[in-house]
Amino acid sequence: AFASAEGDCPHKVDVETPEGALEMFGFARAEFDCAAEFIRAAVTYGSHQLARGTLLEYDIMHEIIRAETGYRIVSLAGRSIDAELFERFVRVQHELAQALEGWSLWEYEFHHWKYHKRPMVQDDYAQLYNPHRPAEYQHFECPAIPLAYRLWSNFPTCPPSRLRDLPRFHDAYVSAMTVDNWRASYRDFLSEGYNYNVSFFQGGDPTPRLSKGAHSIFAGVFIQKMPTDLWCYQQAIHDLRPQYILDLGSSQGGSAVWFASMMKLFEIPDGKVISVDLSLEQAYWLSKRRAELAAKRLNVEDRIDWNYVPSGSKNDAVRTKVAKLCTAAPCMVISDSDHDYVHTYYEMEWYAQYVGVGQYLVVEDTNIYGWSGWVNLNDPNRDGLKKGPMEAANDFELAQRADFVRTDWCAKHYGLSQTQNGWFFRKARRARGLTG
């Protein structure tokens, strides 16, 4: 889709000079139309920055990603690149990787980070570099990952090519895998026909097929939660015995199956999970088919109420149902849907009124913003204020102190958590003038 036919480069610039290299970077599709010249430009300007120690002045890694992606795609199309030139390119990548070790890489990313809205236009070139592509663009080659970046996450699309594309910090998995290895290892596991009974341990050591990053697996289904957080949840469910668990942001449904299984294990009569997320029309990757099969195998079908609906937790029918159920019985709420500040704060505020006294409201992924300095491309914050779940939780605490006690018991107990300072215990119903 991208490799042009053999021919002269249409952009006549001297890429052996820093000025000419910058000019080449300014042309869209230059990495395909002028693959060799673009690689030479990346070598020129990367060497220029390394020699002068000016890596914070220009985002050369963006051009390295373009150059290596162009190389991979034109190579697949049968076009060759001079071996000596490519060796120089790899050598510069090694030098950049050495210069950006440890904290230097984080500093580089934070310095160059800008909000980039995910492209929704029907444009092949724009979608090529989109780490969360629509379904109709999944057949494209994935962007290349430079040597300086070896971090990966579990999403049914291309692996992120750099730190800024990672959905959350603890999804990072340091690895030397290639894009092709990544795709091969997930082709079966991400397919609808994944065989939960044999695939995971078939053929000896399952290490190559293990989930990368923070995700857990339960009954053959992804749970986008850390095992330590799941252990905290089972403690709360066992001790506080909520009648309903509102799982806001169930993703592929693994968390709903796990919560339902805990309610069954702890013999909570009529305990049920209200699973909520976006409809497939809004988020094509949120298929709950494997979760539904797992629920059937575990005999917890009647303990899960699936609500994959337009607008997710904002859906009027879902909110009407929640108001009715949680007025009659104690509810625990887990906020784990869209992670931008505005959505998270107002989701917490609305659902907080239906958290039972003596139950928890938990906000997930407080680790990706705030004091951790993390950023998320879901955040529509164009001013770079980096506000998200942690900041929403902070403001919620100020507004709800009469009703809720904030605690960090899970992270303090087990050390590793995606819910730091995200547990709110409901002690009363005074702030909103409610009774009960």
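Pairing each heavy atom of Leu298 with each of Ala219, the nearest pair is CD1-CB, 3.9 Å. Shortest non-hydrogen contact noted between Ala260 and Arg303 is O-CD, 3.7 Å. Taking each heavy atom of Ser313 and Val276 in turn, the nearest pair found is N-CG1, 3.6 Å. Of all heavy-atom pairs spanning Cys326 and Leu246, the tightest one is SG-CD1, 4.1 Å. The shortest non-hydrogen separation linking Ala236 to Met332 is CB-CE, 4.3 Å. Closest of all the heavy-atom pairs between Arg241 and Glu267 is NH2-O, 2.9 Å.
For Arg426 (side chain) and Val355 (main-chain N/O), a donor-acceptor pair under 3.5 Å exists by modelled atom type. Panel note: side chain Tyr346, backbone Tyr341; no donor-acceptor pair is recorded below 3.5 Å. Side chain of Thr366 to backbone of Gln420: a donor-acceptor contact under 3.5 angstrom is found. Put simply, the side chain of Arg66 gets close to the backbone of Phe25: a donor and an acceptor are under 3.5 Å apart. In terms of modelled atom types and a separation under 3.5 Å, the side chain of Gln49 and the main chain of Tyr58 share a donor-acceptor contact. Judged by distance alone, the side chain of Gln353 and the main-chain N or O of Trp350 form a donor-acceptor pair under 3.5 Å. Under the 3.5 Å distance criterion, the side-chain polar atoms of His112 are matched with a main-chain donor or acceptor of Leu55. Gln252 places no side-chain N or O within 3.5 Å of a backbone atom of Ala291 that could act as its donor or acceptor partner. A donor-acceptor pair under 3.5 Å is absent between the side-chain atoms of Glu63 and the main chain of Ile60, judged by distance alone. In terms of modelled atom types and a separation under 3.5 Å, the side chain of Asn315 and the main chain of Pro310 share a donor-acceptor contact.
Under the 3.5 Å distance criterion, with hydrogens and angles disregarded, no donor-acceptor pair is assigned to the side chains of Glu364 and Gln224. For Asp305 and Tyr244, the side-chain atoms include no donor-acceptor pair closer than 3.5 Å.
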Decide yes or no on ring pair (Phe, Tyr, Trp, His ring centres under 6.0 Å) for Phe89 and Tyr71, but give the supporting numbers first.
CA-CA 11 Å; Phe89 180 53; Tyr71 167 77; 7.6 Å; no
Take Arg319 and Tyr351 through the test side chain to side chain contact (heavy atoms under 4.5 Å, CB included) and record every step on the way to the result.
CA-CA 8 Å; Arg319 292 192 169 192; Tyr351 283 91; 3.7 Å; yes
Worked check of side chain to side chain contact (heavy atoms under 4.5 Å, CB included) between Ile237 and Ile268:
CA-CA 9 Å; Ile237 295 168; Ile268 299 176; 3.8 Å; yes
Could you give me the CA-CA distance, side-chain angles and deciding distance for Glu292 and Arg289, then say whether salt bridge (Lys or Arg N to Asp or Glu O under 4.0 Å) is met?
CA-CA 5 Å; Glu292 290 174 320; Arg289 179 173 174 271; over 6 Å; no
Between Tyr108 and Leu56, is a side chain to side chain contact (heavy atoms under 4.5 Å, CB included) present by the stated rule, with each step listed?
CA-CA 6 Å; Tyr108 181 91; Leu56 297 185; 4.2 Å; yes
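Between Glu397 and Phe404 there is no side-chain heavy-atom pair separated by less than 4.5 Å. No side-chain heavy atom of Glu31 sits under 4.5 Å from any side-chain heavy atom of Thr69. Put simply, the side chain of Phe218 reaches to within 4.5 Å of the side chain of Ser261, judged on heavy atoms. A 4.5 Å side-chain heavy-atom check between Tyr414 and Pro227 finds every atom pair outside the cut-off. In this structure, Phe424 and Gln400 have side chains that are not in contact, with every pair of non-hydrogen atoms separated by 4.5 Å or more. Residues Arg406 and Arg401 have side chains not in contact (no heavy-atom distance under 4.5 Å, counting atoms from C-beta outward). Using a 4.5 Å heavy-atom threshold, the side chains of Tyr345 and Glu391 count as separate. Between His413 and Cys232 there is no side-chain heavy-atom pair separated by less than 4.5 Å.
The only member of Gln418, Met348, His339, His343 that meets side-chain contact (heavy atoms from CB on, under 4.5 Å) when paired with Pro389 is His339. Residue Glu347 forms a side-chain contact (heavy atoms from CB on, under 4.5 Å) with just one option from Val333, Asp336, Leu248, and that option is Leu248.
The number of heavy atoms from other shown groups lying within 6.0 Å of CG (Asp270) does not exceed 12. The local environment of CH2 in Trp409 is crowded, with over 12 non-hydrogen atoms from other residues, nucleotides or ligands closer than 6.0 Å.
Distance check, rounded to the nearest 0.5 Å: OG of Ser311 to CG of Asp277 gives 11.5 Å. Residue Gln98 holds its CD atom at 12.0 Å from OG of Ser104, rounded to the nearest 0.5 Å. Taking CG of Asp365 as the start and OG1 of Thr344 as the end, the distance is 9.0 Å to the nearest 0.5 Å. In this structure, the separation between CD1 on Ile304 and CD1 on Ile245 is 10.5 Å, given to the nearest 0.5 Å. With values rounded to the nearest 0.5 angstrom, Lys264 atom NZ is found 8.5 Å from Asp302 atom CG. In this structure, OH in Tyr233 is found 8.0 Å from SG in Cys410, a value given to the nearest 0.5 Å.
Residues that satisfy the ring-ring contact (aromatic ring centres under 6.0 Å, His included) test with Phe425, not counting sequence neighbours, are Tyr360.
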